[in-house]
Amino acid sequence: MRRIMLTVAYDGTGYHGWQRQPDKNSIEDVLDECLTKLLKEPVRVIGASRTDAGVHALGNVAVFDTQARMEAEKFSYALNQRLPEDIRIRASREVPADFHPRKTDSVKTYEYHILNEAFPNPVERLYRYFCYVPLDERLMQHAAALLEGEHDFQSFCSAGAQVESTVRTIYECSVRRDGTRLSIRVRGNGFLYNMVRIIAGTLMEVGRGKYPPDRVREILAAKDRRMAGPTAPAKGLILVSYAFPALAEPETSG
């Protein structure tokens with residue numbers, strides 16, 4: 001039995017998230033169906049990140065086991081001939097049989113995209129959060145930098161998440177503006193449920209002047225979800241890449 005790793009990109013607009021759900025269309029369901037038909041054996045993928053409905057990805061990761069002798073690199077080509085246009089395999093490779101994407105140390109990168117204009121842009125409505133209130137990216141960057149390092153991010157976790165610890169390490173949290181388009185980039189060793197979307201919502205509150213940047217210190221110290229900003233909508237979020245140091249490979253996006 002071999003274990004194959006896929007780098008998966010998708011437009012999450014038409015799906016109820018990554019994870020299988022009864023009577024709902026998910027990314028996992030589509031991958032399982034295509035792989036089962038291709039290999040003529042039952043296949044169930046294991047995903048690295050269970051993205052929510054409407055969230056997009058350039059470099060999510062999934063693994064599956066198979067007895068097929070096909071060259072690992074060719075799985076991507078074979079699957080892309082069968083998958084719908086809003087899902088694509090960007091790479092495929094063989095990994096050790098005991099490799100598990102959710103139980104292996106990783107570095108994950110997200111971006112949250114914002115359109116900061118007076119009126120919505122219909123062309124970008126599925127991929128950027130529209131905000132008509134002017135945002136000061138300098139204030140947002142000041143606040144973002146305070147989130148870097150190891151912290152207890154309980155204030156940035158949606159209620160009901162079942163985790164052993166809410167401590168995470170953020171290697172980068174930055175805000176960039178290109179004209180009327182802003183991007184919030186967050187890179188870390190792991191994320192809590194809705195953590196990046198809550199970070200984005202909080203930084204936008206700073207950007208519109210509701211909070212001073214240093215308020216982030218108080219939010220972290222409080223360990224109380226009610227202290228942070230709102231959860232930003234899913235459509236602005238993109239899972240950009242994964243890197244697995246144990247595999248000695250570059251990040252999984254291109």
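- Using a 4.5 Å cut-off on side-chain heavy atoms (C-beta onward), Phe156 and Leu220 make contact.
- Taking the six-membered ring where the residue is Trp, Phe244 and Phe99 present perpendicular rings, their angle passing 60° and hence far from 30°.
- When the options Val61, Val63, Leu79, Asn60 are evaluated for a side chain to side chain contact (heavy atoms under 4.5 Å, CB included) with Leu6, the one that passes is Leu79.
- To the nearest 0.5 Å, atom CZ of residue Arg208 and atom CG of residue Leu135 are 6.0 Å apart.
- Side-chain contact, Asn121 with Arg128: no donor N or O sits under 3.5 Å from an acceptor N or O.
- Ring-plane geometry between Tyr110 and Phe191 is classed as perpendicular, the angle between the planes exceeding 60 degrees on a 0 to 90 degree scale with a lower cut at 30.
- Within a 6.0 Å radius of CZ in Arg102, other residues, nucleotides and ligands contribute more than 12 heavy atoms.
- Side-chain atoms of Gln21 and Ser26 form no donor-acceptor pair, as typed in the model, at a separation below 3.5 Å.
- Both Val163 and Ile199 belong to a single network of hydrophobic side chains, linked directly or stepwise wherever heavy atoms of I, L, V, M, F, W or Y lie under 4.5 Å apart.
- Side-chain heavy atoms closer than 4.5 Å link hydrophobic residues (I, L, V, M, F, W, Y) into clusters, and following such links, even through other members, never connects Leu182 to Phe130.
- Taken together through direct or relayed side-chain contacts under 4.5 Å among Ile, Leu, Val, Met, Phe, Trp and Tyr, Leu239 and Val196 form part of one hydrophobic cluster.
- In the hydrophobic clustering of ILVMFWY residues, with side-chain heavy atoms under 4.5 Å counting as a link, Tyr242 and Leu31 come out apart.
- Salt-bridge annotation for Arg215 and Glu205: absent, with no side-chain N of the basic residue lying under 4.0 Å from a carboxylate O of the acidic one.
- Side-chain atoms of Arg3 never come within 3.5 Å of backbone atoms of Asp98 as a donor-acceptor pair (strictly under, hydrogens ignored).
- Between the side chains of Arg176 and Ser174, at least one donor-acceptor pair of N or O atoms lies under 3.5 Å.
- Side-chain atoms of Asn189 come within 3.5 Å of backbone N or O of Thr169 as a donor-acceptor pair.
- Counted within 6.0 Å of CG on Asp178, heavy atoms from surrounding residues, nucleotides or ligands total 12 or fewer; the atom is thus considered open.
- Side-chain atoms of Asp86 never come within 3.5 Å of backbone atoms of Tyr10 as a donor-acceptor pair (strictly under, hydrogens ignored).
- Between the side chains of Arg125 and Thr13, not a single donor N or O lies within less than 3.5 Å of an accepting N or O.
- Across every non-hydrogen atom of Pro245 and Ser106, the tightest pair is CD-CA, 4.2 Å.
- Residues Ile27 and Ile46 do not share a hydrophobic cluster, defined by chaining ILVMFWY side chains whose heavy atoms lie under 4.5 Å apart.
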